[in-house]
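Each chain gets a letter, A, B and so on, in the order the sequences are listed, and its residues count up from 1. The model shown is predicted, which means the values in this text are computed figures rather than measured ones.
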Amino acid sequence: MAVFDPKVATRPPPRKVKVVIRKYNPETGKAWWQEHEIETYRGMTVLDALLKIKEEQDHTLTLRYSCRMAVCGSCGMTINGTPRLACQTQLAQVASNHNPVVRVEPMYNFKVVKDLLTDFTEFFEKHRKVKPYLIREDIEEQENPKLEYRLTPEEYEEFYQYSLCIACGLCVSACPIFASDTRFLGPQALAQAYRFVIDPRDEGYKVRLELVDSLDGVFGCHFAASCSAVCPKEVDPAAAIQRLRSLLLKYRLKLFRKKINGPVEPLREVKEKVPLPGDAQTLDGVDLEALENQPVVIPVEILSK
Amino acid sequence: MGKSVRDLVKYLDLRPGWRAFIDPFILKLWNNPERVAFHMHRITGVITAFFIFIHIITTNVPARAGWEAYLEEVRNLEAITPTSVLFYLAMGAVLFHGINGVRLILVEALAWGIGRPEKPKPPYIAPSLRGRQRALIHVTFALWIILWLALGYVMFLT
Ligand code: SF4
Ligand code: FES
């Protein structure tokens with residue numbers, strides 16, 4: 001993530017901040033910079049500032065946001081030249097008393113629809129292209145599962161980090177390759193491809209490896225690592241792409257054998273019994289022994305009514 | 001014609017990424033020397049390509065004018081002339097491109113030094129930005145400057 005220093009982020013922002021916004025009107029095709037001055041309060045984020053401007057000064061300001069807590073990935077923007085989530089960026093982080101100016105632009109490498117709103121169609125098309133879901137050969141078993149797929153904590157840790165992606169597109173907007181080649185799959189899609197390729201429950205890795213084996217796939221990346229530097233969720237797409245590439249080379253040299261986990265019986269481990277403290281007493285009429293042997297029944301029918 | 005140019009301008013304005021491509025410093029990113037190395041690799045790559053082109057033309061001097069003329073030309077590189085300075089600059093580009101290329105092979109093909117995947121924890125710096133490849137970048141830059149200075153010493157001062 002782009003330098004997060006809690007000491008700076010919790011400081012009060014300057015009392016007045018000048019917000020300079022890149023506006024774009026799709027009807028006339030004109031783009032211009034627009035200045036607003038707002039009063040701030042402690043803990044104000046850039047998104048709060050933009051919404052305040054939209055409420056009080058310029059109702060035509062267009063932007064996309066939803067959760068206001070860095071979960072939905074809607075509010076990516078270029079703030080003072082750095083791709084960041086507006087809701088996650090404190091004004092205190094980007095404006096200081098000797099330079100109380102915040103420049104807000106739409107994300108780079110995306111088509112602008114209006115003002116700060118960018119078009120994610122291509123982005124999600126690319127995401128869809130790498131098949132970001134588990135592919136099994138036995139579809140019948142996958143659709144109507146009787147058992148569960150095995151996944152050990154160690155295997156889980158291999159891809160957990162990459163599964164945190166919120167599809168905010170900041171990595172794509174920071175990618176210098178994407179700036180020159182818009183057919184490049186982009187860090188987000190490639191990181192997701194890697195996440196499913198190494199998932200031991202997935203059997204579609206060959207399809208995905210064929211798919212990313214091109215100049216628009218893994219070989220387009222030259223490790224500028226800007227994606228990892230801006231990712232708000234520490235997904236580390238740069239490392240994922242390097243791993244995917246070396247894995248692809250191994251696969252081409254026929255050195256890669258993927259471990260695939262099939263369905264297994266769920267673990268039924270006998271839990272250790274925690275002894276009651278010596279002076280503990282049960283309520284009248286409660287038979288602990290009988291309760292322990294009785295299976296737990298959740299009355300689903302009643303709950304769903 | 002006029003319309004298509006206007007269309008192009010509009011297209012570029014709708015895709016502000018091209019500015020980031022032309023101007024490497026339009027984005028302000030911290031903790032990212034990899035990006036500096038990336039841009040330098042591109043620039044030095046272009047210079048190296050030009051250099052090779054000119055190098056092929058100049059090294060056919062013996063075919064045109066004999067070995068004596070060629071040796072004379074090489075000896076001229078020792079004095080500080082526009083040609084020798086340009087040659088020195090081109091050599092800097094070739095050196096960087098070569099050393100950085102070795103680093104890129106290690107990192108890109110062998111996925112060396114980019115850390116292990118982990119559960120994110122504060123201050124949320126990605127493992128690949130903390131891995132051993134970061135030290136390798138510093139080594140690359142240090143080696144480049146040392147070798148380039150050494151080359152200058154050998155070329156001009158001895
Ligand atoms: S990898 Fe990170 S920066 Fe890229 S889309 Fe996912 S969460 Fe956003
Ligand atoms: S509004 Fe959801 S990530 Fe910013």
Side-chain angles (χ1 to χ4, degrees), chain A residues 1-6 22 24 26 29 31 78 80-83 105-113 119 157-162 164 173-180 182 221-247 249, chain B residues 6-7 9-11 13-42 45 100-101 103-131 133-134 137:
Chain A
M1 196 203 138
V3 178
F4 176 76
D5 183 353
R22 176 87 175 166
Y24 170 72
T78 311
N80 277 0
T82 313
E105 289 166 77
M107 268 195 284
Y108 290 149
N109 298 346
F110 285 94
K111 269 190 215 145
V112 184
V113 179
D119 181 2
E157 204 138 289
E158 283 291 309
F159 63 80
Y160 168 70
Q161 191 182 11
Y162 310 118
L164 293 176
S173 86
C175 178
I177 303 291
F178 206 94
S180 53
T182 45
C221 168
H222 297 299
F223 197 60
S226 304
C227 44
S228 293
V230 299
C231 178
K233 291 281 152 191
E234 207 205 317
V235 171
D236 205 358
I241 301 173
Q242 310 322 309
R243 291 216 176 84
L244 184 59
R245 174 171 21 218
S246 76
L247 203 143
L249 294 176
Chain B
R6 227 176 304 132
D7 279 351
V9 171
K10 202 171 163 197
Y11 173 80
D13 212 39
L14 283 182
R15 271 187 191 285
W18 64 275
R19 278 185 281 155
F21 173 56
I22 294 169
D23 175 4
F25 303 106
I26 195 166
L27 282 181
K28 285 172 196 62
L29 303 173
W30 290 277
N31 191 18
N32 196 202
E34 292 87 356
R35 193 184 178 93
V36 178
F38 166 84
H39 282 303
M40 284 182 63
H41 198 74
R42 264 197 174 173
N100 197 39
R103 175 185 75 89
L104 286 178
I105 290 172
L106 281 179
V107 177
E108 294 197 347
L110 309 178
W112 182 89
I114 48 174
R116 303 274 325 134
E118 58 163 33
K119 296 217 168 112
K121 44 186 171 307
Y124 303 115
I125 295 168
S128 69
L129 302 181
R130 288 185 266 120
Q133 63 85 14
R134 182 54 73 79
I137 286 197

Derivation of the side-chain contact (heavy atoms from CB on, under 4.5 Å) call for B:H41 and A:H222: CA-CA 10 Å; B:H41 198 74; A:H222 297 299; over 6 Å; no
B:R116/A:E157 under salt bridge (Lys or Arg N to Asp or Glu O under 4.0 Å): CA gap, chis, key distance, verdict: CA-CA 10 Å; B:R116 303 274 325 134; A:E157 204 138 289; over 6 Å; no
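Side chain of A:Q161 to main chain of B:P117: no donor-acceptor pair is present (N/O by atom type, distance under 3.5 Å, no hydrogens or angles). Counting only distance, with no hydrogens or angles, the side chain of B:R35 and the backbone of A:A224 share no donor-acceptor pair below 3.5 Å.
A distance of 13.5 Å separates CD of A:Q242 from CH2 of B:W112, quoted to the nearest 0.5 Å. Here the straight-line distance linking atom CZ of B:F38 with atom SG of A:C175 works out to 7.5 Å at 0.5 Å rounding. A:N80 contributes atom CG, which lies 12.0 Å from atom CG of B:L27 (distance to the nearest 0.5 angstrom). Between atom CD of residue A:E234 and atom CG of residue B:L129 there is a gap of 9.0 Å, rounded to the nearest 0.5 Å. Note that the CD1 atom of B:I125 and the CG atom of A:D236 stand 11.5 Å from one another [nearest 0.5 Å].
Looking at heavy atoms from C-beta onward, B:L29 lies in side-chain contact with A:P83 at the 4.5 angstrom threshold. Between B:Q133 and A:F223, the closest side-chain pair of non-hydrogen atoms falls below 4.5 Å.
Under the rule for a ring pair (Phe, Tyr, Trp, His ring centres under 6.0 Å), the partners of A:F159 that lie at least two apart in sequence or sit in another chain are A:Y156. In this view, B:R134 and B:E34 satisfy the salt bridge (Lys or Arg N to Asp or Glu O under 4.0 Å) rule, not counting sequence neighbours.
For a residue to count as touching a neighbouring chain, one of its non-hydrogen atoms must lie under 4.5 Å from one of that chain's; by this rule A:D119 does not touch chain B. Of the atoms belonging to B:L110, it is backbone heavy atoms, and not side-chain ones, that fall under 4.5 Å from chain A. Heavy-atom distances place the side chain of A:Y160, and not its backbone, under 4.5 Å from chain B. Heavy atoms of A:L164 lying under 4.5 Å from chain B belong exclusively to its side chain. No part of B:A37 comes within reach of chain A, as not one of its non-hydrogen atoms sits under 4.5 angstrom from that chain.
Options B:S128, B:A111, B:G115 differ in how many heavy-atom pairs under 4.5 Å they form with chain A, and the most are formed by B:S128. Taking A:A238, A:A240, A:S226 one by one and counting their heavy-atom pairs under 4.5 Å with chain B, the maximum is reached by A:S226.
Counting all heavy atoms, side chain and backbone alike, B:R42 lies closest to A:I177 at NH2-CD1, 4.0 Å. Closest of all the heavy-atom pairs between A:P176 and B:H39 is CB-CE1, 4.3 Å. Between B:I114 and A:A239, the closest heavy-atom pair is CD1-O, 3.7 Å.
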